[in-house]
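Model, not experiment: these values are computed from the prediction.
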Amino acid sequence: MNDRAHTRPGGLGPATAAPASRPSVIQLVFREKGALYAAYMPVLTEGGLFVPTLREYKLGEDIYLLLSLPDDPQRYPVAGKVVWITPANASGGRTQGVGVRFPNDEKTRGLKIKIEEILGTSIQSAKPTQTL
C-alpha cells in the first residue's frame, strides 16, 4: 500500500475509526481550504465529504463524522451514510475511502452553507478532487 492511502497531502491527515462499532465514528480534520475542496461533494443535494479510510464499508452504512474545518475551533458532528466507495488500488491512484452523504436536517444544512462559504468561488473550479 502506498503512503497516500495513510496520509493525504494538503492538510488532511488519516481518518481514525473505532473498531467494529456501529455506526463507526471518524474524526476528520481539515487544516487547509484545498483539502476541504478536494473532499467536498457539492453534487449531493444535502452535501457530503470524501473520507479517506482503510476500513471497508458497505453502501448505505451509517457513519458518524466529527468534522473540523479550517480556522474553526468547533467540531461538527455529522450522522451520514456511505454513498460511494473508492476501493484499495483504485485506478488513477485515487485514495481509498468512502463518500459520505450528509443527513437532510437543519443543523447539517447550516454546516453545508459554512463549508460552501469557506470554499467560495473555488467550488466551481475544474481542479480534480477525490470525489465524483
Side-chain angles (χ1 to χ4, degrees):
M1 191 164 307
N2 65 31
D3 290 340
R4 287 183 45 192
H6 296 287
T7 304
R8 299 262 317 274
L12 179 60
T16 56
S21 62
R22 299 279 175 181
S24 66
V25 177
I26 294 181
Q27 291 188 48
L28 195 56
V29 178
F30 293 98
R31 292 180 181 87
E32 298 175 2
K33 182 174 150 181
L36 181 59
Y37 168 80
Y40 184 60
M41 299 175 2
V43 68
L44 297 176
T45 304
E46 302 87 1
L49 290 167
F50 173 78
V51 179
T53 181
L54 301 178
R55 179 174 167 194
E56 293 192 14
Y57 287 90
K58 293 180 173 67
L59 290 175
E61 192 171 340
D62 291 330
I63 189 167
Y64 191 80
L65 304 177
L66 289 174
L67 179 62
S68 296
L69 299 174
D71 303 318
D72 185 346
Q74 185 172 343
R75 288 188 351 174
Y76 299 90
V78 177
K81 290 221 181 268
V82 174
V83 292
W84 110 79
I85 298 166
T86 302
N89 305 313
S91 64
R94 290 192 143 337
T95 302
Q96 180 179 349
V98 294
V100 177
R101 183 187 71 218
F102 292 167
N104 188 12
D105 62 31
E106 196 58 41
K107 180 179 70 170
T108 312
R109 273 191 288 280
L111 176 60
K112 177 183 182 209
I113 290 167
K114 183 164 188 60
I115 290 171
E116 291 180 353
E117 285 172 354
I118 291 169
L119 295 177
T121 58
S122 69
I123 208 165
Q124 278 93 32
S125 172
K127 187 175 162 185
T129 69
Q130 291 290 336
T131 68
L132 306 170

**OP:** Taking all heavy atoms of Y40 and all of L49, pick out the closest pair and write down the distance.
**Re:** CA-CD2, 3.7 Å
Subject >> Within residues 69-80 or reaching into it, pairs that qualify as salt bridge (Lys or Arg N to Asp or Glu O under 4.0 Å) - sequence neighbours excluded >> reply: D72-K114
Subject >> Basic-acidic side-chain contact under 4.0 Å: E46, K81 >> reply: no
Subject >> Counterpart residues, side-chain hydrogen bond (donor to acceptor under 3.5 Å, both in side chains), relative to K112 (two or more places apart) >> reply: none
Original post:
Which atom pair, heavy atoms only, marks the closest approach of P70 to I118?
Top reply: CD-CD1, 4.4 Å
Subject >> Shortest non-hydrogen contact between L69 and Y76, atoms and distance >> reply: CD1-CE1, 3.9 Å
Original post:
When rounded to the nearest 0.5 angstrom, what is the spacing between CD in Q74 and CG in L67?
Top reply: 10.0 Å
**OP:** From the options D62, V51, T53, select the one residue that forms a side chain to side chain contact (heavy atoms under 4.5 Å, CB included) with V100.
**Re:** V51
**OP:** Measure the spacing between CG of L111 and CZ of F102 and express it to the nearest 0.5 Å.
**Re:** 5.0 Å
Subject >> For the student: nearest non-hydrogen atoms of R109 and E106, plus distance >> reply: NH2-OE1, 3.0 Å
Original post:
Can you name the nearest heavy-atom pair linking S24 to Y57, along with the distance?
Top reply: OG-OH, 2.7 Å
**OP:** Report the distance from atom CG of L36 to atom CG of L28, rounding to the nearest 0.5 Å.
**Re:** 9.0 Å
Original post:
Going from OG1 on T95 to CZ on F50, what distance comes out if it is rounded to the nearest 0.5 angstrom?
Top reply: 5.5 Å
Subject >> Shortest non-hydrogen contact between V83 and M41, atoms and distance >> reply: CG2-CE, 4.0 Å
Original post:
Can you tell me how far the CG atom of L59 sits from the CD1 atom of I85, to the nearest 0.5 Å?
Top reply: 4.0 Å
Original post:
Is a side-chain donor or acceptor of Q96 paired with a backbone partner of L54 at a separation under 3.5 angstrom?
Top reply: yes
